[in-house]
Amino acid sequence: MRLSQLFGKTLRQVPAEAETPSHRLLLRAGMVQQVAAGVYAYMPLGWAVFRKIERIIREEMDREGGQEMMMPSIVPIEVYQQSGRDQTMKDILFRLSDGRGREFALGPTHEELFTEVFKRNVRSYRDLPLLAYQIAPKFRDEPRPRGGLIRLRQFWMKDLYSFDADWEGLDISYRKMYDAYQRIFDRCAVPTVPVLADSGAMGGKDTHQFMYVTEYGEDNCLFCPNCGYAADAEVAAFVKEPAYSSEEAKPAEEIDTPGLYTIQALAQNLGVPESRTCKAVFYQATYADGTESKNQGTRNKERGTRSEGQGTRAEAVFVAIRGDMDVNESKLRKALGAVDVTYMSEEDAQQAGFVAGSASAVGLAGARIVADDLLPLEHNLVAGANKPDKHLLNVNYQRDWTADVVADIALAKEGYRCLNCRTPMDLKRGIEMGQVFKLGTRYAEDIGAVFQDQEGKQRPAVMGSYGIGLERLLAGVIEANHDESGIIWPHELAPYKVHIVAIQPEKPEVAQAADRLYEELQSLGVEVLYDDREETPGVKFNDADLLGMPLRTTLSPRNLSSGSAEVKARTEAQSRLIPLAEAAAALANEAQQSPERV
RNA sequence: CGGGGUGUAGCUCAGUCAGGCUAGAGCGCACGGUUCGGGACCGUGAGGUCGGCGGUUCGAAUCCGCCCACCCCGACCA
């Protein structure tokens, strides 16, 4: 490709909205362009890399016996009603209807559809295991797109679904994908760590996320430096020990605490550690209403109206936790069996009868009370008095208050100790590159995807689902492979292997030599980018660094006068001279090799 | 959806607080010339519904109201 003809130019200045390195470089290199929030156009250079990522993923999926197929993006809404996910994913579904009023969603993920197709085609255990996948666009009306390609509303995903006869089979399929993922991320030169994760709205059992650890990540993960335990903060287990379990319960005492509305202020003013206090947090919990979750949506189908709040029930929840800890909303949701929990606004809290700033479970009526499981073990905590500007000293569980639910609802933090080996853990941020799920039989049961086993019994398929976000991986590749000057493409992903820089191409001897090298390399099957533009050397070298091809060769009047071409790898600091006559063969040879990554 | 911020030329931004005549700069772009090994220089030129609608005013990029878009922090996910 001649750079003078390439659709999409490099940018000297980056649009102000770009903050992460990958976003800046993608824009600067002219690889992508934003169309709307979370929606991008891929220019030829970006698309070329995209297709290479796709190829690596395809190769590794096929290697494990995956069968590629293609599902539509336009999916009848009924498909998601079967599993109830038209409700649980309500907020992220892009919906549309056809001219006759039939409703569809743009597929955000395809568990239901794959299960549906499985149901129509599979009858016997002899057809199992089955690994089917697609590499296709997904649509999610994310409330907050972010970080360039890191969080999008339209994105490509490789999604594979495994169907097994039993859980042992699922374990094998899961392992296959787990291993394939390691190879994919390795080939893309993105260091990832598998971490235990939350199954969230997907439902299911085991799940790992493959995290690329970076300060630009949006997920918090805990890592044990000693035993290697790694988990998303949402599910991370840690050592929880009471601080005051051995104390004798002292008599409660009401004190004036004007202006002390936060745990920090309270603890400071009383001269006690935050762990001596009991914190109150107010949540609104949403529950799926069983009578409405299925077959709902066959009614209420007037065009354009969303069935807001249908099939759900809300409840105010009072959460008590030791003052030095924070609530893990994921754990809270599970403890309550709720579909969703959201932090209450001040007004809602007031309406629910909570005295913000001095709230307490002591003497509280009319709300469900959830206590972290550490609280019943502690003694003599400071808690609110449920009266403005008053707190209680020496509050004790059982004697002064009890909870409706006692559960571990604490969020893991930096320095909390590993449950396996008691070593303090590190908190790091990461970007999720992919996820593997053991779904179990949930979707198969909802949809009726059963097969006949060896005994002739009908059994639901045991499923897994395995996703990789392609754009996110592309962003990760750049995050993990760049320097101040630009991108450093891993060998397998470089859109071109060789970047020819012609200095003063308006001089015939330069143009002739460069044209010839360009053609020779192409005829040798080397992907080559040829900077034939009439630009100054500085501009060309900077663009070559920015675009990041593995090999750069410079043809200039200076080099040509000695019959040489200059060669420099993107990862090398110094260039070297080689005879021009051998340049094509030498470059082709070097481009064919897979140099070790730095 | 809550909190914060930004919308002026393709990009980066000034001008807005204290309203005033043909709305500016740098980069980029076009043409001509001089240059040529790490984002050169000179000259000429094209390019703008000042996010949109409404209002106040003799007069609005500037003041007021409503709306929209985008970015960042949270709640959600590949």
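Given the structure is predicted, the values throughout are model-derived calculations rather than measurements. Residue numbering restarts at 1 for every chain, and letters A, B, ... go by the order of the sequence lines.
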Notebook entry, point to check: So which one's nearest nucleotide on RNA chain B is more toward 5', Ala37(A) or Met433(A)?
Noted result: Ala37(A)

Note to self: Both Pro143(A) and Asn542(A) contact RNA chain B. Taking the nearest nucleotide for each, which residue is further toward the 5' end?
What the structure shows: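 On the 5' side of the pair lies Asn542(A).
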
Checklist line | Donor-acceptor contact below 3.5 Å, side chain Lys540(A) vs main chain Arg533(A) | finding: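 Yes; judged by distance alone, with no hydrogens or angles, the pair exists.
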
Margin query: Taking Tyr466(A)'s backbone N and O only, do any of them form a donor-acceptor pair with Tyr181(A)'s side chain (distance below 3.5 Å, no angle check)?
Written below: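 Yes, Tyr181(A) side chain to Tyr466(A) backbone: donor-acceptor pair under 3.5 Å.
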
Between [N] and [X], counting only base atoms on the nucleotide and side-chain atoms on the residue, is there a donor-acceptor pair under 3.5 Å?
{"X": "Arg552(A)", "N": "rG38(B)", "answer": "yes"}
{"X": "Glu566(A)", "N": "rG37(B)", "answer": "yes"}
{"X": "Gln13(A)", "N": "rG26(B)", "answer": "yes"}
{"X": "Glu506(A)", "N": "rC36(B)", "answer": "yes"}
{"X": "Asp219(A)", "N": "rC77(B)", "answer": "yes"}
{"X": "Arg144(A)", "N": "rC71(B)", "answer": "no"}
{"X": "Arg28(A)", "N": "rG39(B)", "answer": "yes"}
{"X": "Arg151(A)", "N": "rA78(B)", "answer": "no"}

OP1 or OP2 of [N] under 4.0 Å from side-chain N/O of [X]:
{"X": "Lys9(A)", "N": "rC11(B)", "value": "no"}
{"X": "Thr536(A)", "N": "rG39(B)", "value": "no"}
{"X": "Gln34(A)", "N": "rC71(B)", "value": "yes"}

Counting any heavy atom closer than 4.0 Å, what does [X] reach on the DNA or RNA strands: base, sugar-phosphate only, or nothing?
{"X": "Asp159(A)", "value": "nothing"}
{"X": "Leu152(A)", "value": "base"}
{"X": "Val14(A)", "value": "sugar-phosphate"}
{"X": "Gly147(A)", "value": "sugar-phosphate"}
{"X": "Gln209(A)", "value": "nothing"}
{"X": "Pro137(A)", "value": "nothing"}
{"X": "Lys138(A)", "value": "nothing"}

Next item on the list: Compute whether any side-chain donor of one residue and acceptor of the other, for Arg85(A) and Tyr443(A), lie under 3.5 angstrom apart.
Entry: yes

Check: With no hydrogens and no angle check, do the side chains of His208(A) and Tyr174(A) hold a donor and an acceptor under 3.5 Å apart?
Finding: yes

Please give the distance between the [atom1] atoms of [N] and [M] as a whole number of Å.
{"N": "rA9(B)", "M": "rC58(B)", "atom1": "P", "result": "31 Å"}
{"N": "rA25(B)", "M": "rC71(B)", "atom1": "C1'", "result": "25 Å"}
{"N": "rC50(B)", "M": "rG15(B)", "atom1": "C1'", "result": "10 Å"}

To the nearest Å, how far apart are [X] [atom1] and [N] [atom2]?
{"X": "Leu11(A)", "N": "rC27(B)", "atom1": "CG", "atom2": "P", "answer": "16 Å"}
{"X": "Lys158(A)", "N": "rA78(B)", "atom1": "NZ", "atom2": "P", "answer": "12 Å"}
{"X": "Arg140(A)", "N": "rC76(B)", "atom1": "CZ", "atom2": "C1'", "answer": "10 Å"}
{"X": "Glu19(A)", "N": "rG4(B)", "atom1": "CD", "atom2": "C1'", "answer": "13 Å"}
{"X": "Arg429(A)", "N": "rC72(B)", "atom1": "CZ", "atom2": "C1'", "answer": "13 Å"}
{"X": "Glu54(A)", "N": "rA78(B)", "atom1": "CD", "atom2": "C1'", "answer": "15 Å"}
{"X": "Glu535(A)", "N": "rG28(B)", "atom1": "CD", "atom2": "P", "answer": "9 Å"}
{"X": "Arg570(A)", "N": "rG38(B)", "atom1": "CZ", "atom2": "P", "answer": "17 Å"}

Next item on the list: Count the heavy atoms of every other residue, nucleotide or ligand shown that sit under 6.0 Å from CD1 of Ile74(A), and state whether that count exceeds 12.
Entry: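 Atom CD1 in Ile74(A) is not packed in, count stays at 12 or less.
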
Notebook entry, point to check: With respect to the side chain of Arg558(A), which nucleotide from rC76(B), rG37(B), rG28(B) is positioned closest?
Noted result: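 Among rC76(B), rG37(B), rG28(B), the one nearest the side chain of Arg558(A) is rG37(B).
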
Notebook entry, point to check: Between rC72(B), rA78(B), rG39(B), which one does the side chain of Leu546(A) approach most closely?
Noted result: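 Ranking rC72(B), rA78(B), rG39(B) by closest atom to the Leu546(A) side chain puts rG39(B) first.
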
Output side-chain donor-acceptor pairs under 3.5 Å for residues 7-14 of chain A, partner residues at least two apart or in another chain, one line each.
from	atom 1	to	atom 2	distance (Å)
Thr10(A)	OG1	Asp543(A)	OD1	3.1
Thr10(A)	OG1	Asp543(A)	OD2	3.2

Notebook entry, point to check: Looking at Phe185(A) versus Phe210(A), is the centre-to-centre ring distance below 6.0 Å?
Noted result: yes

Note to self: Is there aromatic stacking of Phe541(A) on rG37(B) here, judged by a ring-centre distance under 5.5 Å and a plane angle under 30°?
What the structure shows: no

